[in-house]
Student: 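Below you will find the structure I want to go over with you.
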Amino acid sequence: QPTTAILNVNGIEVIYNHVILVLKGVSLKVPEGSIVAILGGNGAGKTTTLRAVSNLLRGERGEVTKGSIELRGERIENLSPADLVQRGVVQVMEGRHCFAHLTIEENLLTGAYTRRDKGEVAANLDKVYTYFPRLKTRRTSQAAYTSGGEQQMCAIGRALMASPRMVLLDEPSMGLAPQIVEEVFTIVKDLNQKEKVTFLLAEQNTGIALRYAEFGYILENGRVVMEGRAADLGANEDVKEFYLGMS
Ligand code: ATP
């Protein structure tokens, strides 16, 4: 395949609190411009993998104790989340994390904190609104009074305000009605195709993730147990039986 990897995770081991071994040698590759899904059940290690990439482990008393993580060939294990934003990598955390007391628009603007140029910020805001028309309608609403779907969109929109090249998306479907999940994934795909944003997402909802992603990695107990093209995984009998609930 001609596409180069934007991200390479090579055999990482992650330990929490110095003793709890959670990732036991996870490797994955994210081609530039792709959507890659990390799949698996509760506690499999999906969030931990994303946190390792975005260097958010420290706050959780976790650390990468083996392996390496490379962004376009550069080792990034020791970069701060802010350094990563500067290199175009932004994480959208699980549970949305909008500021409840701020309006949707104020929330979006907090994502542009590293940017100085007001014109650019305004243009970026407009762009976010073209992808998320719902957010435009709700721009003056306090986030606390918007729906779960709107808050998820707001969290993604806020990440986009930093003009990322890669977005790490943790469990975007969580707590949302199926129709809204579909709407969120459609926008993700749209951003991927039109803006060439690369997405690495963690999902328990294997069915939808495999329909929108190009590649998938299935984690079980801190190890990759299966990987491949999303279409192949979706057609795999074991995947159907254990993850799609329709053998
Ligand atoms: P979920 O969908 O529940 O987020 P996940 O696949 O993302 O699942 P992780 O959140 O990465 O899984 O958790 C993997 C394992 O690490 C779990 O056993 C969890 O209990 C443990 N773990 C996560 N965070 C910590 C922490 N801060 N300290 C200790 N153990 C942790």
Side-chain angles (χ1 to χ4, degrees), residues 7-30 35-69 76-78 80-81 84 89-98 148-149 151-152 155-156 159 166-178 180-181 184-185 188 199-213 215-228 230 233-234 236 238-239 241-245:
L7 182 77
N8 267 307
V9 174
N10 310 306
I12 57 167
E13 194 176 273
V14 169
I15 296 182
Y16 283 113
N17 295 315
H18 305 292
V19 286
I20 311 164
L21 177 62
V22 166
L23 295 190
K24 302 159 185 170
V26 167
S27 297
L28 56 87
K29 194 156 63 172
V30 181
I35 301 178
V36 173
I38 303 173
L39 306 163
N42 226 315
K46 305 181 297 298
T47 298
T48 300
T49 305
L50 293 186
R51 276 185 192 147
V53 173
S54 56
N55 220 331
L56 290 170
L57 280 174
R58 212 154 299 161
E60 302 291 327
R61 300 184 46 80
E63 57 181 329
V64 176
T65 47
K66 261 190 202 158
S68 66
I69 305 174
I76 58 169
E77 300 97 288
N78 293 317
S80 68
L84 285 165
V89 181
V90 177
Q91 172 150 5
V92 179
M93 283 189 261
E94 183 176 340
R96 300 186 272 278
H97 296 282
C98 279
Q151 288 181 39
Q152 180 61 272
I156 299 171
M166 179 160 78
V167 175
L168 309 174
L169 205 50
D170 199 357
E171 212 82 50
S173 79
M174 195 171 68
L176 304 183
I180 306 298
V181 171
V184 169
F185 271 86
V188 164
F199 284 89
L200 176 60
L201 55 92
E203 252 312 332
Q204 283 199 44
N205 187 334
T206 309
I208 189 140
L210 289 179
R211 272 195 284 120
Y212 285 88
F215 300 97
Y217 289 83
I218 300 182
L219 286 188
E220 252 174 45
N221 200 11
R223 289 195 173 87
V224 175
V225 291
M226 230 185 276
E227 62 180 90
L233 288 175
N236 181 289
D238 290 338
V239 175
E241 185 176 344
F242 296 113
Y243 296 98
L244 297 171

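Residue numbers start at 1 and run along the sequence shown. All values derive from a computational prediction rather than experimental measurement. For ligands, and for the atoms within them, numbers begin at 1 and follow the listed sequence.
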Student: May I ask you to identify, for Asn17, whether its side chain, its backbone, both or neither come under 4.0 Å of ligand 1 on a heavy-atom basis?
Tutor: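 Side chain only; the backbone of Asn17 stays clear of ligand 1.
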Student: For ligand 1, is there an N or O atom under 3.5 Å from any N or O atom of Ile20?
Tutor: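 No; every N/O pair is 3.5 Å or more apart.
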Student: Looking only at heavy atoms, what is the nearest atom pair of Lys46 and Ile38, with distance?
Tutor: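 Closest pair (atom of Lys46, atom of Ile38, distance): CD-O, 3.5 Å.
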Student: Would you check the N or O atoms of Val22, main chain and side chain alike, for any that come under 3.5 Å of an N or O of ligand 1?
Tutor: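 It does not: no N or O of Val22 is found under 3.5 Å from an N or O of ligand 1.
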Student: Quick check: closest heavy atoms across Pro81 and Asn55, and the distance to 0.1 Å?
Tutor: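 Reported closest heavy-atom pair: CG-O, 3.6 Å.
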Student: Please indicate, with yes or no, if any protein heavy atom is found under 4.0 Å from atom 13 (O) of ligand 1?
Tutor: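 Flag for atom 13 (O) of ligand 1 set to true, protein heavy atom closer than 4.0 Å.
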Student: How long is the straight-line distance from CG of Leu56 back to CG of Leu50, given to the nearest 0.5 Å?
Tutor: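 Between Leu50 CG and Leu56 CG, I get 9.5 Å after rounding to 0.5 Å.
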Student: How about atom 29 (C) of ligand 1: does it have a protein heavy atom within less than 4.0 Å?
Tutor: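 Neighbour list for atom 29 (C) of ligand 1 includes protein heavy atoms (cut-off 4.0 Å).
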Student: Is it the side chain (CB and beyond), the backbone, both or neither of Arg61 that lies under 4.0 Å from ligand 1, heavy atoms counted?
Tutor: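 Answer for Arg61: neither.
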Student: Numbering the atoms of ligand 1 from 1, which are under 4.0 Å from a heavy atom of Ala44?
Tutor: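 By the 4.0 Å cutoff, the relevant atoms are 5 (P), 6 (O), 12 (O).
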Student: Please determine whether side-chain hydrogen bond (donor to acceptor under 3.5 Å, both in side chains) holds for the pair Tyr16 and Thr48, giving the CA-CA distance in whole Å, both sets of side-chain angles, and the decisive distance to 0.1 Å.
Tutor: CA-CA 10 Å; Tyr16 283 113; Thr48 300; 2.8 Å; yes
Student: Please give me the minimum heavy-atom distance between Lys29 and Tyr217, naming the atom from each residue.
Tutor: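 Taking every non-hydrogen atom into account, N-OH, 3.1 Å.
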